[in-house]
Amino acid sequence: MNGKHITNLGFTGADIRLALDAAGRREAMGLTRHEILAELALVRQNPAGYLGGTYDTLARSLEAQLQEEIDQLADQLHERPQPYTVYGAELIEEGARAQMDVAMRLPVSRSGALMPDAHVGYGLPIGGVLAAENAVIPYGVGVDIGCSMRLSVFARGSLSTAEAQQLLERHTRFGAGVGWDRRERLPHEVLDDPDWQALPLLRHLHDKAVTQLGTSGSGNHFAEFGRFTLEQEQNGVPAGDYLALLTHSGSRGFGAQVAGHYTRLAEAARPGLDPAAKKLSWLSLDSEEGQEYWTAMNLAGRYALANHEQIHQRISRALKMTPLLSVSNSHNLAWKQMVDGRELIVHRKGATPAARGQLGLIPGSMADPAFLVRGRGEPAALESASHGAGRQLGRKAAERSLNKRDVQQYLKERGVTLIGGGIDEAPQAYKRIEQVIAAQQPLVEVLGRFQPQVVRMDTGSEDI
DNA sequence: ATGTCC
């Protein structure tokens with residue numbers, strides 16, 4: 001008996017050694033070479049039948065390989081993408097379409113849609129909506145889990161630009177890593193949520209979450225005062241002009257760390273996945289990691305909404321006014337939703353939930369209007385709408401191609417006062433919100449329009 | 001998006 005006999009049977013790699021060892025043991029039991037080779041062929045055909053005996057180690061190794069092959073087969077992309085609906089195709093660059101095509105080739109993908117603000121992101125494009133079966137994709141939600149909008153509408157009082165500026169400077173905090181000092185913090189029930197105790201990672205992140213609650217972060221996040229025009233009566237608030245506060249913020253460092261942690265686990269769980277879809281690695285909701293992500297993601301979603309509540313609470317108190325109307329919505333999250341009669345996991349990565357009658361907020365840019373909308377529940381859009389205007393220029397392209405004076409001129413023409421901000425967030429870096437709203441007329445109805453007047457953002461890489 | 005590696 002030698003390696004040649006073994007390899008002739010089709011054994012490879014470490015299995016050759018395991019097979020030779022087992023053959024040696026059978027030989028010692030008095031079997032002939034011919035009999036042993038016949039047994040080895042059977043072990044190879046049906047390893048499960050030889051677990052626990054003389055061939056146990058070999059059978060285990062073969063079983064593990066079979067399982068791996070089955071897993072990899074299950075992770076294979078479909079050759080062609082499942083069909084999906086695109087809104088405002090003329091506004092969407094090819095790269096975003098290509099990313100959505102890859103997402104629609106995942107074996108877990110069942111349905112999808114692309115919103116008119118779509119542009120390239122990591123994994124799923126921003127403005128992408130993806131319905132998966134019993135699976136959740138961390139990068140289908142994005143890094144800023146629970147990123148969301150909130151609008152507070154106040155009676156129209158006399159608030160000067162200087163007063164608005166002072167309120168934003170005193171009662172909001174911007175920038176990566178920032179939080180409120182201990183003596184400045186406000187309580188919120190989300191910090192007592194039992195889910196913080198559900199996982200070691202969440203227990204660990206609780207302190208950071210306490211510090212950062214009620215802060216706004218960086219990038220495209222903002223807090224702004226403006227004039228809000230309600231076109232039709234809403235919840236007892238008559239049509240007309242109002243003062244309003246609009247904020248865009250997320251789950252800060254807490255959500256970012258949850259996203260990073262589960263993205264790594266998801267990628268590690270799918271080593272055989274096509275490299276083109278690596279960032280779309282999913283977690284089965286039947287797996288422990290999938291359940292953990294679901295718990296952590298939903299906590300980050302509630303935390304982000306609480307974050308807005310505190311920002312609005314601080315400003316309302318300072319204004320000594322109670323909002324007449326409040327609206328909020330998450331636009332980076334996954335939901336369980338019925339799609340064509342079955343429950344799927346609908347990921348919205350930069351997309352506003354727009355079920356029939358549901359209110360949502362779609363901002364334009366630091367100097368362009370934001371819209372209060374009501375969903376029409378369009379099934380082909382998986383009951384969604386855009387989450388904003390969407391980028392026309394990437395951050396670097398904006399820094400290269402836009403000049404400061406043009407941006408200043410744009411703000412001046414619209415009477416916008418800016419605190420902080422950067423050229424990478426210039427209005428000219430975004431698609432025209434009017435076109436984006438027009439392209440989703442089948443998805444949402446416009447109820448009101450907000451014109452920013454005093455805007456606060458984090459300091460960008462290059463100021464305006 | 002986030003002090004860009006728990």
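Quick note on labels: first sequence line is chain A, next is B, and so on, each numbered from 1. For the numbers below, each heavy atom of this structure counts, side chains included, while hydrogens, waters and symmetry mates do not.
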By ring pair (Phe, Tyr, Trp, His ring centres under 6.0 Å) - contacts of A/His347 (at least two apart): none
Contacts of A/His221 that satisfy ring pair (Phe, Tyr, Trp, His ring centres under 6.0 Å) - sequence neighbours left out: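 Testing A/His221 for ring pair (Phe, Tyr, Trp, His ring centres under 6.0 Å), a comparison that skips the adjacent residues, returns A/His248.
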Just to verify, which of A/Ile315, A/Val455, A/Thr417 counts as forming a side chain to side chain contact (heavy atoms under 4.5 Å, CB included) with A/Phe225?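 For A/Phe225, the side chain to side chain contact (heavy atoms under 4.5 Å, CB included) test succeeds with only one of A/Ile315, A/Val455, A/Thr417, which is A/Ile315.
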Could you give the [atom1]-to-[atom2] distance, from [X] to [N], as a whole number of Å?
X	N	atom1	atom2	result
A/Phe254	B/dG3	CZ	C1'	18 Å
A/Tyr122	B/dT2	OH	C1'	12 Å
A/Ile145	B/dT2	CD1	P	12 Å
A/His261	B/dT4	NE2	P	17 Å
A/Leu265	B/dC5	CG	C1'	14 Å
A/Leu205	B/dG3	CG	P	11 Å

Please confirm whether A/Arg227 makes a cation-pi placement over A/Phe450, using NZ or CZ under 6.0 Å from the six-membered ring centre and within 45° of the ring normal. no
Compare side-chain N and O positions of A/Gln257 against OP1 and OP2 of B/dT4 and report whether any pair is under 4.0 Å apart.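 No, A/Gln257 has no side-chain N/O under 4.0 Å of OP1/OP2 on B/dT4.
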Considering only side-chain heavy atoms of [X], which listed nucleotide, [options], is closest?
X	options	value
A/Lys208	B/dG3, B/dT2, B/dC6	B/dG3
A/Ser218	B/dC6, B/dG3, B/dT2	B/dT2
A/His221	B/dG3, B/dT2, B/dC6	B/dT2

Please compare A/Tyr139 and A/His204 by the position of their nearest nucleotide in DNA chain B and report the one closer to 5'.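 Its nucleotide being nearer the 5' end, the pick is A/Tyr139.
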Over all strands shown, is A/Gly250 touching base, sugar-phosphate only, or nothing at heavy-atom distances under 4.0 angstrom? nothing
